[in-house]
Amino acid sequence: MSVPTIGVFCSSADDVDPTYHDLARETGAAIGARGWTLLYGGTPTGTMGTLAEAVRDAGAAVVGVPLASFVDLGIHDTQADELVVADTLGQRKDIMLERCDAFIALPGGFGTLDELVEVISQRQLRMHANPLMLVDHRGFYAPLLAFFELLRAERLAYGNTLGAYEAVETVDTAITTLVHHFAEREVDAQPS
């Protein structure tokens, strides 16, 4: 298997609780320490910027996917190893889904919510089989996870959404789960 590319969803907002920056830094360091490639929204602000910097500091590659409108304003990762400019949010998500081997959702806003729901929806429709780890830091995703349970209880969502994501409390658990996933995939890819 080639070097895995990990799509990470998080916030571009600067004025967030410092623990979210710590979480992004920990995630970036863990991705970088394994030599995995980071693919993210390409904005050097907020926890997105902290994440990308930590991956670079660990010596791994960073691919940014900023919106063209942000690039026009100069709000994009000028240090990225690769920049893939997207015209729309839909195109940005398509690029991430095409190029990533796994996803991690850290605490974030509506953009993060949009991205993780897209990954879940496409996984449910069997358009990909890549894992999505929701890092439920201090119960951040607990209300969303409860809503997902309500959707299933009301039979508004298919039961197979259960396998479309995994909620974990720590970055370490998310990374360990992905390490096992990639190891299993490598075994499955071996000729019989």
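Quick caveat: nothing in here was measured; it's all calculated off a predicted structure.
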Item to check | Nearest atoms (heavy-atom pairs only) where Met96 meets Gly7 | outcome: CE-CA, 4.3 Å
Next on the checklist: If I compare all heavy atoms of Ile175 with all of Ala30, which pair ends up nearest, and what's the gap?
Outcome noted: CG1-CB, 3.7 Å
Next on the checklist: Within a 6.0 Å radius of atom CD on Glu82, are there more than 12 heavy atoms belonging to other residues, nucleotides or ligands?
Outcome noted: yes
Next on the checklist: Test side-chain contact (heavy atoms from CB on, under 4.5 Å) on Leu38 and Ile6; report intermediate values, then the result.
Outcome noted: CA-CA 5 Å; Leu38 168 68; Ile6 313 299; 5.5 Å; no
Checklist entry - Are Val117 and Leu156 linked, directly or through other ILVMFWY residues, by side chains that come within less than 4.5 angstrom of each other? => result yes
Item to check | Atom pair OG1 (Thr43) and CG (Leu51), whose distance is rounded to the nearest 0.5 Å | outcome: 11.5 Å
Checklist entry - Counting N and O atoms only, with roles assigned by atom type, does the side chain of Asn130 sit under 3.5 Å from a partner on the main chain of Cys100, one being a donor and the other an acceptor? => result yes
Checklist outcome for this item: Here the pair of heavy atoms bringing Pro107 nearest to Phe140 is CA-CE2, 3.6 Å
Next on the checklist: Under a 3.5 Å distance rule, please check whether Glu154 uses its side chain to pair with a backbone N or O of Leu150 as donor and acceptor.
Outcome noted: no
Checklist entry - Is there a chain of hydrophobic side chains (I, L, V, M, F, W, Y, each step under 4.5 Å between heavy atoms) that links Ile95 to Leu89? => result no
Next on the checklist: Under a 3.5 Å threshold, yes or no: a donor from one side chain and an acceptor from the other, between Thr173 and Thr170?
Outcome noted: yes
Checklist entry - So Phe103 and Phe9, would you call those rings parallel, tilted or perpendicular, with 30° and 60° as cut-offs? => result parallel
Checklist entry - Going by atom types alone, do His21 and Thr47 pair a side-chain donor with an acceptor below 3.5 Å? => result no
Next on the checklist: If I take atom OH from residue Tyr141 and atom CZ from residue Phe148, how far apart are they, to the nearest 0.5 angstrom?
Outcome noted: 9.0 Å
Item to check | Between CE on residue Met133 and CD on residue Glu166, distance to nearest 0.5 Å | outcome: 4.0 Å
Item to check | Residue pairs fulfilling side chain to side chain donor-acceptor pair (under 3.5 Å) with at least one residue in residues 67-79, sequence neighbours excluded | outcome: Tyr40-Asp77, Arg56-Asp77
Next on the checklist: Please give me the minimum heavy-atom distance between Thr45 and Ser12, naming the atom from each residue.
Outcome noted: OG1-O, 2.8 Å
Next on the checklist: Using the side-chain contact (heavy atoms from CB on, under 4.5 Å) definition, which of the options Val135, Thr112, Leu134 pairs with Leu106?
Outcome noted: Val135
Checklist entry - Looking at side-chain heavy atoms only, is the closest gap between Val84 and Arg99 below 4.5 Å? => result yes
Item to check | Within residues 50-74 or reaching into it, pairs that qualify as ring pair (Phe, Tyr, Trp, His ring centres under 6.0 Å) - sequence neighbours excluded | outcome: none
Next on the checklist: If you apply the rule side-chain contact (heavy atoms from CB on, under 4.5 Å), what do you find for His137 with Tyr20, and how did you get there?
Outcome noted: CA-CA 9 Å; His137 176 70; Tyr20 295 143; 3.8 Å; yes
Item to check | Heavy-atom donor-acceptor pair, Arg92 side chain to Leu67 backbone, under 3.5 Å | outcome: no
Checklist outcome for this item: Contacts of Ala33 meeting side chain to side chain contact (heavy atoms under 4.5 Å, CB included) (sequence neighbours excluded), chain-then-number -> none
Next on the checklist: Please evaluate residues Leu132 and Arg123 with respect to the criterion side-chain contact (heavy atoms from CB on, under 4.5 Å), reporting the C-alpha separation (whole Å), side-chain torsions for both, the decisive distance (0.1 Å), and the verdict.
Outcome noted: CA-CA 9 Å; Leu132 166 63; Arg123 173 85 185 255; over 6 Å; no
Item to check | Closest non-hydrogen atom pair, His181 against Ala129 | outcome: CE1-O, 4.4 Å
Next on the checklist: Treating Asp81 as the side-chain partner and Val63 as the backbone partner, does any N or O pair qualify as donor plus acceptor under 3.5 Å?
Outcome noted: no
Checklist entry - Any link between Ile75 and Phe110 through a network of hydrophobic side chains (Ile, Leu, Val, Met, Phe, Trp, Tyr) touching at under 4.5 Å? => result no
Item to check | Verdict with reasoning, Val8 to Leu39, per side-chain contact (heavy atoms from CB on, under 4.5 Å) | outcome: CA-CA 7 Å; Val8 179; Leu39 193 147; over 6 Å; no
Item to check | CG-CG distance between Leu144 and Leu116, expressed to the nearest 0.5 angstrom | outcome: 6.0 Å
Checklist outcome for this item: Residues Thr50 and Arg25: closest non-hydrogen pair is CG2-NH2, 3.6 Å
Item to check | Pairs meeting criterion salt bridge (Lys or Arg N to Asp or Glu O under 4.0 Å) with involvement of residues 44-53, two or more places apart | outcome: none
Next on the checklist: I need the full list of salt bridge (Lys or Arg N to Asp or Glu O under 4.0 Å) pairs touching residues 133-146, with sequence neighbours left out, sorted by first then second residue.
Outcome noted: Asp17-Arg138
Checklist entry - Does a salt bridge link Arg185 with Asp101, judged by any charged N lying under 4.0 Å from a carboxylate O? => result yes
Item to check | side chain to side chain donor-acceptor pair (under 3.5 Å) contacts in which one or both residues fall within residues 26-37, not counting sequence neighbours | outcome: none
Next on the checklist: Working note: Asp114 + Lys93, criterion salt bridge (Lys or Arg N to Asp or Glu O under 4.0 Å); need CA distance, chi angles, decisive distance, verdict.
Outcome noted: CA-CA 9 Å; Asp114 177 45; Lys93 289 184 292 187; 3.0 Å; yes
Checklist entry - Under a single-linkage definition using a 4.5 Å side-chain heavy-atom cutoff for Ile, Leu, Val, Met, Phe, Trp and Tyr, are Val62 and Leu83 assigned to the same hydrophobic cluster? => result no
